[in-house]
Amino acid sequence: MSKNSKPPSRNTGQRREQIMQLLMERGSVQVSDLAPKLGVSAVTIRTDLAAFEEQGLVTRSYGGAALKRMPPQEHNIRQKDGLNTSLKERIGTRAAQMVISGDNIIIDSGSTTMALAHHLRELRNVTVMTNGLNIAWELADAEGVELMLTGGLLRKKSLSILGTQAEACLGGYIFDKLFLGVDGCDLQFGLTTHHEAEARLNHMMVERAKKVIVLSDSSKFGRVSLHRIVQLERVHTLITDAGISNEYRDGLQRLGIELIIVE
């Protein structure tokens, strides 16, 4: 293998992240170039490009594809904490009002869900499972909260605990409510996130919850990240801010989603 060639991709998610990085660097890619570079067949690369086309990220042409829409940049958790802080605080405050004594809930990792966790400290008789190290730290000394953490591997960029151990932790439980943060919300493609393992764990959280509540400031609407969590039909409630467009306000309500807008 030459010094400039990349090793074969270990899984679909990693390979697609590599392809998207090349698309962002070059603007377009060719199947004949990608297949040997990534150590997979041309059929596999065409399948990857077809998936990007479905997301609205590329326009396919004979033998390749060109970047159509840039996926949102991923920020680390400290950077996220400084973005839209007042909106996240209001969304978190409103979300906390949906938690009642006796609830068993899941809180996903993230900066918006962190605002929710802060407002749960005074509640009593609530059980919280989380994969977020920051969420766990916030609730560690909350006397009325029974805290459960998933096992797994810590992803330092997001302070989220992921992997097969985290997924296995959810298997034996049913939760009243899931509070989920996302990186993108698109009417056609659904809820998305940057990292494959996070998407997989989030999907399992959805499967284990009776009610799915998404916390998302309006900047996330119309964005598509690489990895889909679920389609919007699986969402019961979405809490956002007044910056939501009429297109998304109407589209979400047509899907039967309860839309809560904080001022």
Side-chain angles (χ1 to χ4, degrees), residues 74-163 165-171 173-183 191 193-195 197-217 220 229 237-240 262:
E74 182 179 15
H75 300 284
N76 65 42
I77 191 66
R78 290 175 179 81
Q79 292 169 323
K80 285 183 177 181
D81 284 343
L83 297 173
N84 301 318
T85 305
S86 62
L87 293 180
K88 292 174 182 177
E89 174 64 22
R90 296 199 294 276
I91 291 169
T93 300
R94 181 63 182 85
Q97 295 171 7
M98 302 183 71
V99 182
I100 61 175
S101 178
D103 268 348
N104 303 304
I105 67 175
I106 316 177
I107 303 179
D108 178 35
S109 62
S111 56
T112 307
T113 50
M114 179 66 173
L116 159 66
H118 177 73
H119 291 284
L120 298 181
R121 293 178 56 82
E122 303 307 317
L123 291 182
R124 294 291 180 268
N125 190 29
V126 173
T127 299
V128 175
M129 177 175 273
T130 186
N131 69 316
L133 198 61
N134 57 338
I135 306 293
W137 182 257
E138 178 67 24
L139 295 174
D141 61 348
E143 293 185 3
V145 176
E146 187 76 18
L147 182 62
M148 305 168 65
L149 277 74
T150 65
L153 180 68
L154 177 66
R155 184 173 185 244
K156 295 181 181 180
K157 191 166 189 175
S158 59
L159 291 184
S160 53
I161 303 170
L162 306 170
Q165 285 179 291
E167 294 162 22
C169 284
L170 298 178
Y173 298 97
I174 294 292
F175 296 89
D176 297 305
K177 301 173 181 108
L178 162 63
F179 293 92
L180 180 66
V182 298
D183 293 310
L191 304 177
T193 190
H194 292 286
H195 195 266
E198 287 186 347
R200 191 166 55 244
L201 182 62
N202 288 164
H203 180 86
M204 191 168 185
M205 289 177 174
V206 170
E207 294 294 320
R208 308 310 297 174
K210 297 176 185 176
K211 185 171 186 177
V212 177
I213 302 163
V214 174
L215 313 185
S216 175
D217 67 76
K220 306 290 180 62
I229 300 169
T237 301
L238 193 149
I239 307 176
T240 189
V262 299

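Atom set for the values below is all heavy atoms of this structure, side chains included, hydrogens, waters and symmetry mates excluded.
Rounded to the nearest 0.5 Å, atoms CE (Met114) and CD1 (Ile135) are 6.0 Å apart. Distance check, rounded to the nearest 0.5 Å: CG of Leu215 to CG of Leu87 gives 13.0 Å. Here the OG1 atom belonging to Thr127 is positioned 8.5 Å from the CZ atom belonging to Phe175, to the nearest 0.5 angstrom. One distance of note links OG of Ser109 with CG of Asn202; it measures 7.0 Å at 0.5 Å rounding. Rounded to the nearest 0.5 angstrom, His195 NE2 and Ser158 OG are separated by 7.5 Å. Here Arg121 contributes atom CZ and Leu123 contributes atom CG; the two are 11.0 Å apart, rounded to the nearest 0.5 Å.
The only member of Ile106, Leu191, Val212, Leu201 that meets side-chain contact (heavy atoms from CB on, under 4.5 Å) when paired with Val206 is Val212. Screening Lys177, Lys211, Lys210 for a salt bridge (charged side-chain N to carboxylate O under 4.0 Å, His left out) involving Asp103 leaves a single residue, Lys177.
At least one side-chain heavy atom of Asp108 sits under 4.5 Å from a side-chain heavy atom of Asn131. Put simply, the side chain of Arg94 does not reach to within 4.5 Å of the side chain of His119, judged on heavy atoms. Considering only heavy atoms from C-beta on, Ile174 comes within 4.5 Å of Arg208 through its side chain.
Applying the 6.0 Å contact sphere to CD of Glu146 captures no more than 12 heavy atoms from other residues, nucleotides or ligands. The 12-atom threshold is exceeded at CD of Gln97, counting heavy atoms of other residues, nucleotides or ligands nearer than 6.0 Å.
Between the Asn134 side chain and the Ser111 main chain, no donor and acceptor come within less than 3.5 Å of each other. Between the Thr240 side chain and the Ser216 main chain, a donor and an acceptor come within less than 3.5 Å of each other. Thr113 places no side-chain N or O within 3.5 Å of a backbone atom of Ile107 that could act as its donor or acceptor partner. Counting only distance, with no hydrogens or angles, the side chain of Asp176 and the backbone of Asn104 share a donor-acceptor pair below 3.5 Å.
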With side chain to side chain contact (heavy atoms under 4.5 Å, CB included) as the test, would you mind laying out the steps for Leu159 and Trp137 before giving the verdict?
CA-CA 11 Å; Leu159 291 184; Trp137 182 257; over 6 Å; no
Do Leu153 and Gln165 pass the side chain to side chain contact (heavy atoms under 4.5 Å, CB included) test, and can you show the C-alpha distance, the side-chain angles, and the key distance before you say yes or no?
CA-CA 8 Å; Leu153 180 68; Gln165 285 179 291; over 6 Å; no
Would you check, one step at a time, whether the test side chain to side chain contact (heavy atoms under 4.5 Å, CB included) holds for Ile105 with Leu120?
CA-CA 11 Å; Ile105 67 175; Leu120 298 181; 4.0 Å; yes
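Heavy atoms only, all atoms of each residue included: Glu122 and Arg124 are closest at O-NH1, 3.5 Å. Taking each heavy atom of Thr112 and Lys88 in turn, the nearest pair found is OG1-CG, 3.5 Å. Nearest heavy atom pair, residue Val128 against residue Leu139, reads CG1-CD1, 4.0 Å.
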